[in-house]
S.K.: 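Handing you this structure, nothing more for now.
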Amino acid sequence: MARLRKLFGARAPLAPGTVLFYSSDVHGSDLAWRKFLAAPRVFGASALVMGGDITGKALVPILPTAEGTWHAFQHTGRPTVLRSREELEKFEASINVDGFYPYICDEGEYDRMAADPAYRTQVFETVIGARVASWIALADERLADWDGVAWIMPGNDDEPSIDPLLDGAAIGNCDDRVVDVLGYPMVSVGWANPTPWSSPREESEEALAARIDRLVDGVEMDRAIFNFHVPPHGTSLDVGPAVRADLTVEHEAGEVKRVPIGSRAVRAAIERYQPLLSLHGHVHESPGVERIGRTLCVNPGSRYNQGVLDGALITLAGDDVRSCQLISG
Amino acid sequence: MSVENPSPPAERGALFTRKATGLVREVGSRDAFLLNLFWINLFVGILIITQAPAIFPGVNMLVGFLLATALLGVPMLVYAFLSAAMPRAGGDYVYISRVIHPVVGFICGLAFTIMISLFLAIFAALVSLQGISTILGTLGTVTSNETLLTWATDVTGNDWRFAIGVAAILAVAALNLFGVKPLMIMVRTFFVIALAGILVGVILMLTTSQAEFAKDFAAYGSVSEIVAAAKAEGLYDPAAGGSFGDLLAFLALGFTVLAFAQFPAYAAGELRKPRKTTLYAVLGGLATAGGLFALLAALASNTFGDDFLGSMTALFNAGSESYPALPGPFLFLYTGLLTGSPVLAGLMSIGILLSFLGAMAMLVMVASRNLLAYSLDGAMPAKLRETDPRWHAPRYAVAACGAIAVLFYIPYTYAPAEYFDFLFSGVLLLAIVFAVTMLSAVLFPMRLPSTFEGSPYNQRVAGIPLITLLGLAGLVIYGWWVIVLITDDRIGANGTAGLIGVAVVFAVAALWYLVAWTVNRGRGVDLMLRHRELPPE
């Protein structure tokens, strides 16, 4: 039995430890967030960590018509026609699952958003802020009777305007800080190395390295957790599609070309500091678990727009990772 | 936020985006279609065209392939819908695990993977038996070279067959170690060569009448005497009309080569759901494959005659002395006889063999990716999920697939067995797995309501989810396929050894899961949680 356990990467049974549930990249999906909050109840988790990229990417305008219907614009071409309030609510709910923001407006406001970038930005900030605030309120409500710890962090795709909204009674913003996870110090960085999209929180590898070095100074690494949104470069956790400057995906030999897109600074930090555990998101298509020296690195991937919450259920015992299981719920 | 961020729509009537990673332009239908096309096993299709007239005398193969294509459109639609709802999900294993139960999903997935490895062993045997032997035999016949004809016989001996087969397995496994790019380059190149060879064959058959073929064949024997001999020996009846029941049974063969068009192409894009891309890719691949085989079958019947095709195969399979001094029956042997050119004859035969090797390489890719997925889920040793840092290939998973195939190949080479029976018994296992996936589609809207409502194919007909209705129809079609494979002795899938083999494979998969579950439980990990749906409320 012991040999079988070793074959499967297992260890001998130990006393129950700290059960941490990690997820990332829910990108505004209301459904994914609600599932995340169910983790303590379903898995018995005593710690929750949401690792960044929590806001959505698109706003879906819905225009009322004179006939009492609504036209919702998702793609170029024909709009989706919603003939009743019931259809409208169902449509808004499905948009929420995708992580997009349904926005009811008239033609005048639509045209203003199309023509005025500043106004468009303002509308985005409003709808994003409203959803983030509702999420934190929901977390406070759902986790009120739970005695664990919950942390949330913005990622590279999240605008700075949401930062003040992330602290609630039951959950807190851990970005750019060292926080406690039931006796395990967790260092969190939501910033990423440069991407083709010039997202809000990107910086050079050198700047990212300096940020990490500043944060880890003085942290005991035996039980440290790195909560870095971007995964380490050149691992099974950071292989994503190669994207051209015009944002089309490169293909070669009929298949999507996949390249490592993680951060070299993050990799160097893991190699140098060797924390107990390293949690990552950012690359949705590259779920995996891999060791860099002593450190167990995890990226659960993301399929938020399919109604799935991808996460990792990790049990910590002393200065050891007792188990790590990828979850798709 | 910067002034350039967010972006206005390209034209009125679209949504607004902001600058966020992952918003890529959707992959074209053409790329997705081409990828699905590479899954077509040309070799097996042509083998079926060669063998079917003997198995089902009088059956119209053109109608058979077209009917098979039309019927398979339903389950292929189901796969397209499931793929659109759960892209990057991991195919049958994940669909079944998430919808029905993780245990059922794993058993079906691992059984499927084991059977693929067995197919690798069987195909390895065919490389020498039907591949190299046919090439040497065809070239030897066309050029009247006795040495080549001798070699064509020699390579069918056990030791040569073993050496060639192992070399083929190791070669296709090794190719998978260097990542997807070189593999796909090879697959595409081989596929193009094979298509060129097929085109040559099509042109030859189009420009040759039955009478002209009979004259070309006269150097080796008389067409009419071969048909008469087969009839006299009770091996083939020219008067057999081919009943509708026989046509339906032929469909089971057609499904064997066409039912693998469902491997979905990657469809990027979080902005635009991959609604049409996967649909076009899967259905386009199926239609192209079905049309191609239908065309080849029709031309074969027209040029060589069903009676000749059936008689030759029947005589060879029975080991009759009436079989002419030629290599084993194969469509491209006959087309090679239509041309006196060794180059064209070689192109046709070599092209098919290369496409066969390409198909074997794709099987290794599927099987190794499955093992990687099981390892990520904790049901297989952790070593199997390790990938090469340079090539990103799951090297240990690939090596495991190759090793399993070689292990299967040893008894397969030296133990007396009718390999076609085992091949089709394996198809029976795959048909069962595909049928379970259809059941998953039926239950999908009820079991994963939020995923269903968020998918691009959440339409209803009279209040019933469309995917449920299609899944039901697919379940009937695949269920019928399973029944035919079990009950029709002519196909050879219901031999005792074969059926026992199918049961053993499922049992091994179940046992493996039990062991994995027990081992993981010992360290506090419950495998059943892997796809546990989290309640949003």
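Lettering follows sequence order; numbering is per chain, from 1. What you see below is based on every heavy atom in this structure, not just the backbone, and it leaves out hydrogens, waters and symmetry mates.
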S.K.: If I compare all heavy atoms of Ser450(B) with all of Leu31(A), which pair ends up nearest, and what's the gap?
M.R.: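 Shortest heavy-atom contact: CB-CD2, 3.4 Å.
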S.K.: Does a side-chain heavy-atom distance below 4.5 Å link Arg18(B) with Ile128(A)?
M.R.: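 Result yes, sub-4.5 Å side-chain heavy-atom pair found.
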S.K.: With heavy-atom distances below 4.5 Å as the criterion, would you say the side chains of Lys35(A) and Glu533(B) are in contact?
M.R.: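 Lys35(A) vs Glu533(B): side chains touch.
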S.K.: Tell me which of these, Val289(A), Thr195(A), Val60(A), Val97(A), has more heavy-atom pairs under 4.5 Å with chain B than the rest.
M.R.: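 Looking at each option in turn, the highest pair count goes to Val289(A).
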S.K.: Are side-chain heavy atoms of Val42(A) and Pro535(B) found at a separation under 4.5 Å?
M.R.: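 Of all side-chain heavy-atom pairs linking Pro535(B) with Val42(A), at least one is under 4.5 Å.
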S.K.: Could you tell me whether Tyr110(A) and Phe16(B) have their ring centroids closer than 6.0 angstrom?
M.R.: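 That pair passes the under 6.0 Å test.
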S.K.: Between Gly307(A) and Thr451(B), what is the shortest heavy-atom contact and its length?
M.R.: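 What the structure gives for the nearest pair is O-OG1, 3.9 Å.
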S.K.: Relative to chain A, which segment of Arg385(B) carries a heavy atom at a distance below 4.5 Å: side chain, backbone, both, or neither?
M.R.: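 Only the side chain of Arg385(B) comes within 4.5 Å of chain A.
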S.K.: If I measure from the heavy atoms of chain A, does Asp526(B) come under 4.5 Å with its side chain, its backbone, both, or neither?
M.R.: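 Contact with chain A involves the backbone of Asp526(B) alone.
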S.K.: So for Phe43(A), is it side chain, backbone, both, or neither that comes closer than 4.5 Å to the heavy atoms of chain B?
M.R.: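 Interface part for Phe43(A): side chain.
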S.K.: Can you measure from CG (Leu376(B)) to OG (Ser328(A)) and round to the nearest 0.5 angstrom?
M.R.: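 So the gap between those two atoms works out to 10.0 Å.
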S.K.: Measure Leu313(A) against the heavy atoms of chain B and call it side chain, backbone, both or neither at under 4.5 Å.
M.R.: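 Just the side chain, heavy atoms under 4.5 Å.
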S.K.: Do Leu529(B) and Gln325(A) have side chains that get closer than 4.5 Å, going by heavy atoms?
M.R.: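 Yes, close enough: below the 4.5 Å cut-off.
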S.K.: List the atom of Ser323(A), the atom of Val525(B), and the distance in Å for their closest heavy-atom pair.
M.R.: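 Nearest pair, atom of Ser323(A) first, then Val525(B): CB-CG2, 3.4 Å.
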S.K.: Side chain, backbone, both or neither: which part of Glu386(B) has an atom under 4.5 Å from a heavy atom of chain A?
M.R.: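 No part of it gets close to chain A.
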S.K.: Check whether Asp53(A) gets within reach of chain B through its side chain, its backbone, both or neither, counting any heavy atom under 4.5 Å.
M.R.: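 It is the side chain, since no backbone atom gets that close.
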S.K.: Taking atom CZ of Arg395(B) as the centre, report whether more than 12 heavy atoms of other residues, nucleotides or ligands fall under 6.0 Å from it.
M.R.: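 Yes, the 6.0 Å shell around CZ holds more than 12 heavy atoms from other groups.
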S.K.: Can you give me the closest heavy-atom contact between Arg41(A) and Glu537(B), atom names plus distance?
M.R.: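 Taking Arg41(A) first and Glu537(B) second, the nearest heavy atoms are NH2-O, 3.2 Å.
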S.K.: Specify the closest pair of heavy atoms between Gln306(A) and Met86(B), including all atoms of both residues, with the distance to one decimal.
M.R.: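 Taking Gln306(A) first and Met86(B) second, the nearest heavy atoms are OE1-CA, 3.0 Å.
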